[in-house]
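Numbers restart at 1 for each chain; the letters A, B, ... are given by sequence-line order, proteins then strands.
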Protein chains: 2
Amino acid sequence: MTEPVLNYIAQNQARFEDELKALLRIPSVSAQSKHDGDTHRAAEFLAARFQRMGMQVDLVPTAGHPIVLAEWCGAPGKPTVLVYGHYDVQPPEPLEEWVTGPFEPTVRDGKIYARGATDDKGQMLTHVNSAEAWLKTHGRLPLNVKFIIEGEEEVGSVNLDPFVRQHEDRLRCNWVVISDTSMFAPDVPAICYGLRGIAYFEVVIRGPNQDLHSGGYGGMVANPANVLCTLLASLKDEQGRIQIEGFYKDVLPLEDWERQAIRQLNFDEAELRSRLGIDELVGEAGFSPLERKWARPTCDICGLYGGYQGQGSKTIIPARAGAKVSFRLVPNQKPSDVAAAFRTHLESRLPPGVRLEIKAYHDAPPVLVPVKSPGVAAAQRAYRAGFGRDPVFIRNGGSIPVVSTFREVLGVDCLLLGFGLPDDNTHSPNEKFNLRDYHRGTLTSAQLWQELGGISVASRSLA
Amino acid sequence: MTEPVLNYIAQNQARFEDELKALLRIPSVSAQSKHDGDTHRAAEFLAARFQRMGMQVDLVPTAGHPIVLAEWCGAPGKPTVLVYGHYDVQPPEPLEEWVTGPFEPTVRDGKIYARGATDDKGQMLTHVNSAEAWLKTHGRLPLNVKFIIEGEEEVGSVNLDPFVRQHEDRLRCNWVVISDTSMFAPDVPAICYGLRGIAYFEVVIRGPNQDLHSGGYGGMVANPANVLCTLLASLKDEQGRIQIEGFYKDVLPLEDWERQAIRQLNFDEAELRSRLGIDELVGEAGFSPLERKWARPTCDICGLYGGYQGQGSKTIIPARAGAKVSFRLVPNQKPSDVAAAFRTHLESRLPPGVRLEIKAYHDAPPVLVPVKSPGVAAAQRAYRAGFGRDPVFIRNGGSIPVVSTFREVLGVDCLLLGFGLPDDNTHSPNEKFNLRDYHRGTLTSAQLWQELGGISVASRSLA
């Protein structure tokens with residue numbers, strides 16, 4: 001990395017922390033309308049920061065919270081990178097479980113505690129800091145950089161997707177860079193090259209038009225709760241294999257190098273079991289826990305309801321029972337195929353005497369980034385500079401729907417550089433971010449601009 | 001029936017209706033403490049009535065609502081009958097669904113509408129009326145009669161069972177008579193000779209110590225909701241047969257005469273399907289709907305819960321999931337055997353990674369009254385006098401726990417004479433009771449005293 005940039009980052013470490021604290025103090029809770037003013041203020045805070053850095057800024061209003069667009073495109077002929085992040089945060093509740101207030105950023109033991117510390121204010125700012133370091137030391141960046149920072153990630157990004165589709169030209173780039181995942185473990189930086197997709201449904205079984213006395217009707221009338229359990233139980237066998245016909249037909253098997261790389265990761269099963277309070281990790285036979293989490297699809301019941309749930313007993317046949325069912329999908333499964341197969345599975349097994357209703361909620365396709373691309377190689381070199389060691393390759397069990405939107409609309413891959421840790425309490429009380437990783441992330445990002453800027457546009461990854 | 005008793009009942013028909021209305025106006029809702037005064041008032045109302053009839057009365061306080069004990073034992077050497085009933089009623093809510101107020105008894109089309117009309121004030125009063133008719137016309141009854149009328153039937157009879165056990169001598173009798181069931185259909189009176197028992201449980205499956213992100217952990221961690229569904233689905237096969245080992249071992253098969261008698265009943269399946277809004281009645285293969293309801297055990301999930309039940313989606317693996325499970329039992333199944341077999345079934349199928357918790361709530365053994373007994377023959381003759389036709393023999397799919405307590409403590413059978421109808425809206429808005437059946441029930445009861453009184457104590461049914 002160029003010496004001046006490195007020095008600038010070192011000299012401004014304290015101020016970068018102050019900038020983070022100032023942003024963390026803004027309770028930009030997108031889900032709570034009482035915080036709408038705060039959420040807007042966070043967008044303005046970022047816009048001002050980009051302006052001070054000398055970038056061109058646009059605060060784009062949406063039907064919800066604004067999108068902050070900032071760009072510096074003074075490197076004609078050089079590649080362009082689009083940095084995605086979000087300035088909104090999850091609700092801080094339950095408040096009583098926070099050691100210090102969620103919007104009073106506090107440093108303990110080298111970690112900064114506040115809602116949004118890691119998700120995504122802290123991680124996102126690494127790229128802002130690094131761009132500033134380049135601009136302030138060289139008056140330029142080694143490539144063109146665009147930032148798109150939204151304020152609705154925690155409420156489903158409802159306005160982002162149409163915005164991306166409508167502003168394809170404005171967002172055109174060679175790579176998208178996102179830091180909203182995490183490292184593999186402390187001091188083990190990681191490039192995430194795969195995300196699972198998702199397909200989420202609600203299944204409702206309806207029987208009689210009202211709850212019935214289980215003595216007066218039990219044995220004569222189909223019980224929607226029993227039917228629901230039987231249908232849901234039919235989704236998996238005892239080995240954890242999903243029984244929906246054709247469910248695995250498009251599943252891309254793990255490659256040899258992946259299984260080998262996963263085996264070499266120092267995955268601490270005992271620590272995980274103890275943290276979760278369970279005696280055993282379980283799942284599909286024939287795969288290790290990380291393989292199952294990263295590269296195998298799942299079927300999880302996220303919610304169950306029906307009949308009497310209060311204290312004690314009530315002897316009824318419930319009129320209806322329902323479940324929320326989520327499938328995590330892996331490359332190359334298609335959410336629409338899974339939805340159709342799921343429906344066929346349930347409909348063909350529906351016993352008489354009840355009716356079936358399936359509501360489809362959100363879905364997102366899985367994502368796989370080619371690891372042999374020049375962009376990924378550049379990210380590896382950047383990590384080496386920022387963390388002094390090679391990153392490992394990991395996948396992520398969750399979904400970031402916008403990644404596949406970028407892939408689809410802009411035709412480019414995402415570089416997913418996580419600087420957080422798996423135990424950062426994302427979405428939970430006492431969210432934190434290690435300040436050392438905040439700085440190493442900033443260094444990594446600064447180097448990434450250099451590395452990506454050196455790739456000739458002819459060889460850019462536009463597969 | 002003796003002419004004077006018959007005449008007395010005919011002449012006092014209007015007053016008997018007034019007595020019923022007066023009792024129905026008292027909102028003796030045992031479950032609601034705001035009505036504690038009313039509930040006590042209902043007990044006093046009955047005590048005063050018994051006193052006016054010339055019976056010895058005792059208003060017995062309990063930890064809850066009082067028990068009304070009344071007796072006339074002026075027929076030494078004659079049999080003794082114990083009449084059980086309850087003066088408390090279900091809560092009237094939802095109030096807006098009542099055509100007329102639940103405690104403003106109103107006659108429409110020959111039916112009296114009010115909470116408690118059939119359950120159990122109206123049915124119970126038939127026996128009070130008939131005892132009065134005998135006492136006022138003959139100064140005596142043709143046998144000894146004891147009334148035990150409680151005020152906690154709708155809240156689990158918690159104080160009745162210990163009272164019966166502690167006052168065995170005081171309650172000693174040759175038969176118990178209860179009118180808290182129903183006729184088979186309009187103009188088809190019925191003697192109920194069997195009740196199903198019950199065993200009620202809550203099953204809870206616990207996994208991780210908190211809800212987990214289904215992306216971050218799905219595939220690695222056992223999902224309590226999936227496990228729960230699989231365990232519950234394992235309880236029945238596709239033919240509706242319960243799969244718990246030994247579950248049917250004590251089940252008494254239907255006798256030939258019973259299957260024949262059930263076939264001869266004019267059971268209107270289409271009416272039932274239409275009333276319940278379902279397209280098909282279902283259940284255990286090889287049995288008709290009434291056979292399944294009356295003489296076959298069931299396993300019904302009465303409640304299901306776990307994870308996210310709100311609007312839309314939440315992608316979690318729930319920390320726990322649970323179900324309320326009720327078994328209806330038939331002669332000669334024992335609730336304790338079923339509880340043990342159920343536990344074994346679940347424990348032996350519990351997969352790794354989760355914990356199982358089973359809570360046992362209430363249970364009651366099934367009841368079968370020998371239909372060839374002199375008491376039942378007497379009841380048949382009484383019905384012939386009261387309704388001008390033979391009663392049919394039916395069973396009841398529900399449970400009346402006190403019946404087996406009487407059987408166990410007093411060693412006698414119950415005569416279950418229902419005067420209500422299956423569509424009387426028991427426990428629902430617009431509860432009703434047909435006034436014609438109120439009067440026919442009173443006549444039947446008056447004749448029953450005569451018939452039972454004629455049975456020599458030597459041949460009394462104390463099997």
Side chain, backbone, both or neither: which part of A:Lys324 has a heavy atom under 4.5 Å from chain B?
side chain
Please answer whether the main-chain N or O of A:Gly218 pairs with a side-chain N or O of B:Arg328 as donor and acceptor at a distance below 3.5 Å.
no
Which bit of A:Ile316 is near chain B, if near means a heavy-atom gap under 4.5 Å: side chain, backbone, both or neither?
both
To the nearest 0.5 Å, what is the distance between OG on A:Ser214 and OH on B:Tyr200?
7.5 Å
Toward chain B, the part of A:Thr298 with a non-hydrogen atom under 4.5 Å:
side chain
Does any heavy atom of chain B fall under 4.5 Å from the side chain of A:Arg296, the backbone, both, or neither of them?
neither
Mind checking the OH-CG spacing from B:Tyr217 to A:Leu281? Nearest 0.5 Å is all I need.
10.5 Å
CD of B:Gln309 to SG of A:Cys302, rounded to nearest 0.5 Å, is 12.5 Å
Output the option from B:Arg292, B:Glu280, B:Met220 having the highest count of non-hydrogen pairs under 4.5 Å with chain A.
B:Met220
Taking the side chain as every heavy atom from C-beta outward, state whether A:Cys229 and B:Ile301 have any atom pair closer than 4.5 Å.
yes
For A:Leu304 against B:Ala321, the heavy-atom pair lying closest together:
CD1-CB, 4.5 Å
Chain A: which of B:Pro351, B:Pro208, B:Gly306, B:Gly322 shares the most heavy-atom pairs with it under 4.5 Å?
B:Gly306
One should read off an interatomic distance between A:Ser313 OG and B:His362 NE2, to the nearest 0.5 angstrom, of 3.5 Å
Residue selection (most heavy-atom pairs with chain B, distance under 4.5 Å) from A:Gly303, A:Pro289, A:Gly312, A:Ala225:
A:Gly312
Heavy-atom contact with chain B under 4.5 Å, split by part of A:Leu272:
side chain
Quick check for you: among B:Ala222, B:Pro422, B:Ser399, B:Gly216, which has the greatest number of heavy-atom pairs under 4.5 Å with chain A?
B:Gly216
Just so I understand: if I count every heavy-atom pair under 4.5 Å between each of B:Leu235, B:Leu232, B:Leu276, B:Leu195 and chain A, which residue has the most?
B:Leu276
Which one of B:Leu212, B:Ile278, B:Thr426, B:Asp300 has the most heavy-atom pairs closer than 4.5 Å to chain A?
B:Asp300
Side chain / backbone / both / neither for A:Arg355 at chain B, heavy atoms under 4.5 Å
side chain
Highest number of heavy-atom pairs under 4.5 Å with chain A: which of B:Asp279, B:Leu290, B:Val221, B:Val325?
B:Val221
Of the listed residues (A:Ala233, A:Gly219, A:Gly307, A:Gly397), which shares the most heavy-atom pairs with chain B below a 4.5 Å separation?
A:Gly219
Is chain B contacted by the side chain of A:Lys359, its backbone, both, or neither, given a heavy-atom distance below 4.5 Å?
neither
Residue, of A:Glu291, A:Glu284, A:Arg275, that accumulates the most heavy atom pairs under 4.5 Å with chain B:
A:Arg275
If you tally heavy-atom pairs under 4.5 Å against chain B, which of A:Pro297, A:Ser326, A:Gly277 wins?
A:Gly277
Non-hydrogen atoms of chain B under 4.5 Å away: do they reach the side chain of A:Asn226, the backbone, both or neither?
both
Rounded to the nearest 0.5 Å, the NZ atom of A:Lys236 sits from the CG atom of B:Asn223 at a distance of 6.5 Å
Please state whether the side chain, the backbone, both or neither of A:Leu231 comes within less than 4.5 Å of a heavy atom of chain B.
neither
Looking only at A:Arg206, A:Lys293, A:His427, A:Gln210, the option with the highest number of non-hydrogen pairs under 4.5 Å against chain B is A:Lys293
Honestly, the part of A:Ile198 sitting under 4.5 Å from a heavy atom of chain B is side chain
How long is the straight-line distance from OG1 of B:Thr315 back to OH of A:Tyr361, given to the nearest 0.5 Å?
13.5 Å
If you count heavy-atom pairs under 4.5 Å between each of A:Gly353, A:Ser428, A:Gly156, A:Gly283 and chain B, which one has the most?
A:Gly353
